[in-house]
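To keep things clear, I will list the structure first and then write my remarks on it.
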Amino acid sequence: MHSGTIDVSSLAGSLDLQATLESGQSYLWRREDGRMYEDGEQTGGEAWYVTVVRPDESGEARLDAGEPAVVRVRQRGGLLEWESTVDAEAVVRSLLRLDDDLPAIRAATPPDSLIDAAYERYWGMRLVRDPPFGALISFICSAQMRVSRIHDMQVALAEAFGDTVDFDGRSYHAFPTPVQLAAASEAELRDLGLGYRAPYVQRSAEMVASGEAHPAEARDLSYEDAREYLTQFVGVGEKVADCVLLFSLDFLEAVPLDTWIRKTIAEYYPDCDRGNYADTSRAIRERLGGEYAGYAQTYVFHHLRNGGDD
DNA sequence: TAGATACCTTATAG
DNA sequence: ACTATAAGGTATC
């Protein structure tokens with residue numbers, strides 16, 4: 001057992017672990033008490049959250065290659081405790097973007113009462129940096145799906161097709177590798193409740209497994225080229241592509257235009273509605289401050305989804 | 001190229 | 001109890 005603590009009170013901006021992991025950004029963590037997404041606001045204060053990743057030599061968390069490592073974290077006030085099968089401090093810092101300078105990011109956002117309310121309510125929430133393959137598959141699954149069910153689907157995929165890893169007297173399931181998921185049949189995936197997403201997941205996993213394409217390849221491209229690159233995967237349109245760019249590939253300017261943000265645009269920023277995804281995306285990205293527009297988007301999404309404009 | 005429609009499954013509203 | 005509706009959309013025509 002490796003373990004350690006990170007003093008989050010000394011980070012640039014603090015940390016709200018529950019908001020970070022239960023705001024619909026990542027579907028690759030579980031709560032040890034099994035109450036992920038149950039209560040929305042209250043009960044996750046000191047809960048352990050666990051994930052299984054495959055860190056490479058540089059400490060980057062992947063899912064497509066390497067040995068699986070269990071990593072769990074919990075926040076107690078100004079301390080973030082972690083325990084793992086490996087030395088995981090660098091992985092934790094990367095997965096939770098602990099090096100993001102929240103005050104600087106917020107300062108770069110234009111004054112706006114809705115954004116301010118969201119930032120104040122959830123101050124300390126960070127974007128996540130999910131492993132690219134897991135982000136790709138989980139957001140393919142997200143189409144027309146409730147947040148809690150998207151999460152349940154990823155748990156089901158891991159339990160059905162992923163490797164088992166023992167840690168601290170329990171066994172955990174890694175997210176399936178591209179090869180493991182490509183070997184699943186459409187019928188098996190439908191049995192897990194994926195519905196029409198089943199063939200999308202299988203075929204996109206096959207594209208990665210065969211080497212035809214890899215979501216991480218999009219990192220080297222400009223933002224809009226990267227979004228275009230990702231849409232070659234089956235089940236990936238512009239919105240899902242933006243989610244992968246924002247929550248995995250470090251494109252903090254990406255603003256996924258989902259049903260919540262479209263509603264927000266209609267109500268608060270009607271002049272940004274340009275009738276199509278690409279142009280509306282540019283307009284709202286500018287309105288939310290450009291470089292870190294995705295941060296503002298994520299705060300506003302979480303705020304409104306929890307009844308922020310009541 | 002822009003617009004309409006079908007699509008799996010489940011939880012919630014009425 | 002029972003039906004309609006919506007859920008972090010995409011593929012296809």
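All values below come from the heavy atoms of this structure, side chains included, with hydrogens, waters and symmetry mates left out. Here is the naming used below: chain letters follow the sequence lines, and residue numbers restart at 1 for every chain. In this text the structure is predicted, and so the values were computed from the model without any measurement.
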message: Taking dA13(B) as the reference, what is the distance to dG8(C) when you measure between their P atoms (whole Å, please)?
response: 14 Å
query: Which part of the nucleic acid, if any, lies within contact of R197(A), taking any heavy atom under 4.0 Å across all strands shown: a base, the sugar-phosphate backbone alone, or nothing?
result: base
message: I'd like to check the ring-ring contact (aromatic ring centres under 6.0 Å, His included) partners of Y295(A); sequence neighbours left out, ordered by chain and number.
response: none
- request: Quick one: pull up OG in S94(A) and CG in D99(A) and give me the separation to the nearest 0.5 Å.
  value: 8.5 Å
query: Among all residues two or more places apart in sequence or in another chain, which pass the salt bridge (Lys or Arg N to Asp or Glu O under 4.0 Å) test with D116(A)?
result: R106(A)
message: Test: salt bridge (charged side-chain N to carboxylate O under 4.0 Å, His left out). Region: residues 123-150 of chain A. Which pairs qualify, not counting sequence neighbours?
response: R129(A)-D250(A)
message: At a heavy-atom distance below 4.0 Å, which nucleotide of DNA chain B is the first touched by chain A, and which is the last?
response: dC7(B) to dA11(B)
task: Just call it for E186(A): base, sugar-phosphate, or nothing, with non-hydrogen atoms closer than 4.0 Å on any strand.
output: nothing
- prompt: Does any donor-acceptor pair link the side chain of Y196(A) with the base of dG9(C) at a separation under 3.5 Å?
  reply: yes
What are the atom names and distances for every N/O pair under 3.5 Å that joins the protein to nucleotides 11-13 of chain C?
| from | atom 1 | to | atom 2 | distance (Å) |
| --- | --- | --- | --- | --- |
| dA11(C) | OP1 | G235(A) | N | 2.7 |
| dA11(C) | OP1 | V236(A) | N | 3.4 |

query: With a 6.0 Å cut-off on ring centres, are F175(A) and F161(A) close enough?
result: no
- prompt: Is any NZ, NE, NH1 or NH2 atom of the basic residue among E67(A) and R54(A) found under 4.0 Å from an Asp or Glu carboxylate oxygen of the other?
  reply: no
query: Is there any ring-ring contact (aromatic ring centres under 6.0 Å, His included) pair reaching into residues 194-225 of chain A, and which pairs are they, with sequence neighbours excluded?
result: none
query: Using atom P of each nucleotide, how far apart are dT10(B) and dA11(C) to the nearest Å?
result: 23 Å
query: When the distance from CG of L230(A) to P of dT10(C) is rounded to whole Å, what number comes out?
result: 12 Å
field: Interatomic distance at P, dA4(C) relative to dA6(B), whole Å
entry: 16 Å
Under 4.5 Å side-chain linkage, directly or through intermediates, the cluster mates of V70(A): M1(A), V50(A), V52(A), V165(A), F167(A), Y172(A)
message: Measure CZ/R305(A) against P/dG8(C) and give the value in whole Å, please.
response: 6 Å
task: Can you sort out which residues in residues 133-157 of chain A have a heavy atom within less than 4.0 Å of DNA chain B? Ascending by number, please.
output: R146(A), R149(A)
- prompt: Which class fits the ring pair W260(A) and F301(A): parallel under 30°, tilted 30 to 60°, perpendicular over 60°?
  reply: perpendicular
- prompt: In residues 255-266 of chain A, what residues come within less than 4.0 Å of DNA chain B, judged by heavy atoms?
  reply: none
query: Thinking salt bridges, do E22(A) and R31(A) make one under a 4.0 Å N-O criterion?
result: yes
message: Using the salt bridge (Lys or Arg N to Asp or Glu O under 4.0 Å) criterion, which residues pair with D242(A)? Sequence neighbours excluded.
response: R227(A)
query: So, are E212(A) and R203(A) salt-bridged, with charged N and O less than 4.0 Å apart?
result: no
message: Check for me whether the distance between the ring centres of Y119(A) and Y299(A) falls short of 6.0 Å.
response: yes
Same-atom distance (P) from dT5(C) to dT5(B), integer angstrom: 15 Å
query: Reading DNA chain C 5' to 3', what string of ( ), [ ], | and . shows its pairs, if Watson-Crick and G-U wobble pairs count only when both distances fall under 3.5 Å?
result: .||||||.|||||
message: So that I can tick it off, tell me whether E46(A) and R74(A) are bridged by a salt bridge, with the cut-off set at under 4.0 angstrom between side-chain N and carboxylate O.
response: no
field: Note, K263(A) side chain near E267(A) side chain (heavy atom, < 4.5 Å)
entry: no
statement: Those residues at least two apart in sequence (or on a different chain) that pass ring-ring contact (aromatic ring centres under 6.0 Å, His included) with F233(A) are none
